[in-house]
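Scroll down for the structure; my scribbles are underneath it.
In what follows, chains carry the letters A, B, and so on, assigned in the order in which the sequence lines appear, proteins first and then strands, with residues in each chain numbered from 1.
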Number of protein chains: 2
Amino acid sequence: MLGKPNRDRVAERRSATRSEILAAAWDAARECGLANLTLREVADRVGMRPPSLYSHFDSKNALYDAMFGQAWSECLAVMTECVRNLPDTPRGVLRSLAATFFDFCVEDLARFQLMNQRIVIDFEPSADSYAPAVETLDLFRNTLAELGIRDQQDVDLCVALTGGLIDAQLANDPGGDRWRRLLDRAVDMFAENVGL
Amino acid sequence: MLGKPNRDRVAERRSATRSEILAAAWDAARECGLANLTLREVADRVGMRPPSLYSHFDSKNALYDAMFGQAWSECLAVMTECVRNLPDTPRGVLRSLAATFFDFCVEDLARFQLMNQRIVIDFEPSADSYAPAVETLDLFRNTLAELGIRDQQDVDLCVALTGGLIDAQLANDPGGDRWRRLLDRAVDMFAENVGL
DNA sequence: GTCTATACACCGATAGAC
DNA sequence: GTCTATCGGTGTATAGAC
């Protein structure tokens with residue numbers, strides 16, 4: 001009897017094409033703005049006609065969904081790596097967490113908008129794509145808990161503080177570091193406030 | 001000789017129609033989302049056909065521009081009123097400023113997005129519409145300066161902190177008060193940090 | 001799996017009658 | 001100042017040949 005080959009070359013190629021489309025979508029989103037992403041633009045970049053994309057993604061929102069999942073998976077990976085070698089002091093831990101998240105967010109505006117803002121109104125992430133986002137937040141919460149920060153309000157304040165600096169940086173000084181330079185000070189201010 | 005009447009009824013009516021269109025645009029923006037605002041929707045609400053709007057606004061972006069100016073004028077009025085009767089203590093002043101701005105922003109998501117986020121990409125506010133925004137920021141800066149807060153970095157931190165709470169409130173708990181309740185604490189934390 | 005062709009629904013904006 | 005009619009464009013998505 002003929003056995004199945006242990007590599008499925010068709011599936012591999014299909015997966016590669018999917019990744020290629022995804023990468024093109026990110027390029028287009030960065031260039032034209034996330035909300036102005038069009039299937040025409042994506043198709044052009046991968047050398048296809050727009051309808052051909054439907055062989056790989058059911059709809060435009062399905063494409064957004066894959067991008068959303070990818071973005072948060074990347075974030076989870078970065079934050080996991082960050083948590084793997086944290087400094088000794090509690091403030092050092094907070095600084096490291098905040099800096100890693102800040103830098104990741106500021107690195108790519110389109111990605112940040114898709115992850116954290118509701119700039120694409122018709123789009124709701126699927127449970128699968130949302131999973132790495134939840135996992136990232138859990139990782140963050142657990143790390144704070146190990147420092148003794150368990151109060152919901154404390155976590156909320158920390159999130160708002162970091163998010164505010166990121167927003168201000170992206171909105172008022174994109175590419176610069178005017179708010180990035182305030183990050184350590186802000187973290188220390190928070191640490192002081194929660195008695196660390 | 002015939003003198004000019006001291007009331008120009010034509011101009012009055014024209015101005016009233018303009019205001020009516022503007023109000024309808026805000027209603028539509030709140031309902032459909034700011035980015036999804038269409039001239040058809042606005043025209044429907046004022047009982048006109050879409051082309052008729054062009055007798056009052058040169059383009060869709062001109063409509064956005066008028067809305068932008070109106071939003072910041074309202075904000076300036078609210079903040080001016082706030083500054084007119086401030087409490088005695090420095091921390092009270094900070095709390096009052098932050099609370100007034102927070103509540104104003106959270107009150108209307110569409111207005112907040114037009115004022116503070118770049119959700120409509122093709123739109124750049126004109127100098128005239130931008131003026132009340134600058135004036136509001138000046139008012140804020142001057143009030144902080146009277147408390148002894150003159151360092152650019154201190155002002156930036158205060159702005160980012162307040163903005164972060166507003167963003168978190170609107171994004172994660174719209175209509176609620178989960179982050180609103182943290183405002184006084186956040187302000188005190190900031191005051192402590194700048195030695196007030 | 002990719003193509004051509006096209007359907008279908010929108011949009012902003014203009015021309016010209018009244 | 002408002003209307004009708006329409007232009008020229010955008011976009012997502014589907015049908016069917018290859």
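When the side chain to side chain contact (heavy atoms under 4.5 Å, CB included) test is applied to Pro125(A), the partners found at least two apart in sequence or on another chain are Asp65(A), Phe68(A), Phe123(A), Tyr130(A). With sequence neighbours excluded, no residue forms a salt bridge (Lys or Arg N to Asp or Glu O under 4.0 Å) with Arg9(B). The side chain to side chain contact (heavy atoms under 4.5 Å, CB included) search around Asp156(B) returns Arg178(A), Trp179(A), Leu182(A), Gln152(B), not counting sequence neighbours. For Gln153(B), there are no side chain to side chain donor-acceptor pair (under 3.5 Å) partners, not counting sequence neighbours. Qualifying salt bridge (Lys or Arg N to Asp or Glu O under 4.0 Å) partners for Asp184(A), counting only residues two or more places apart in sequence or in other chains: Arg95(A). Shown here are the side chain to side chain contact (heavy atoms under 4.5 Å, CB included) partners of Glu124(B), two or more places apart in sequence or in another chain: Arg118(B). With sequence neighbours left out, the side chain to side chain contact (heavy atoms under 4.5 Å, CB included) criterion links Glu81(B) to Arg84(B), Asn85(B). Glu107(B) meets the salt bridge (Lys or Arg N to Asp or Glu O under 4.0 Å) test with Arg111(B); sequence neighbours excluded.
For DNA chain C, the contact window with chain A, defined by any atom under 4.0 Å from a protein heavy atom, covers dG1(C) to dA5(C) in 5' to 3' order.
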Between N or O atoms, less than 3.5 Å apart, protein on one side and nucleotides 8-12 of chain D on the other: list the pairs.
| unit_1 | atom_1 | unit_2 | atom_2 | d |
| --- | --- | --- | --- | --- |
| dG11(D) | OP2 | Arg40(A) | NE | 3.4 |
| dG11(D) | N7 | Arg40(A) | NH2 | 2.7 |
| dT12(D) | OP1 | Leu39(A) | N | 3.3 |
| dT12(D) | OP1 | Lys60(A) | NZ | 3.2 |
| dT12(D) | OP2 | Leu39(A) | N | 3.1 |

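Of the residues in residues 14-31 of chain B, those placing a heavy atom less than 4.0 Å from an atom of DNA chain D are Arg14(B), in numerical order.
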Distance-only check: which donor-acceptor pairs under 3.5 Å involve side-chain atoms of residues 20-29 of chain A, not counting sequence neighbours?
| unit_1 | atom_1 | unit_2 | atom_2 | d |
| --- | --- | --- | --- | --- |
| Trp26(A) | NE1 | Gln70(A) | OE1 | 2.6 |
| Asp27(A) | OD1 | Arg30(A) | NH1 | 3.0 |

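Of the two residues near DNA chain C, Ser55(A) and Pro51(A), the one whose nearest nucleotide lies more 5' is Ser55(A).
Classification of Glu146(A) and Arg141(A) as a salt-bridged pair fails, no side-chain N sitting under 4.0 Å from a carboxylate O.
Between Met48(B) atom CE and dT4(D) atom P there is a gap of 13 Å when expressed in whole angstrom units.
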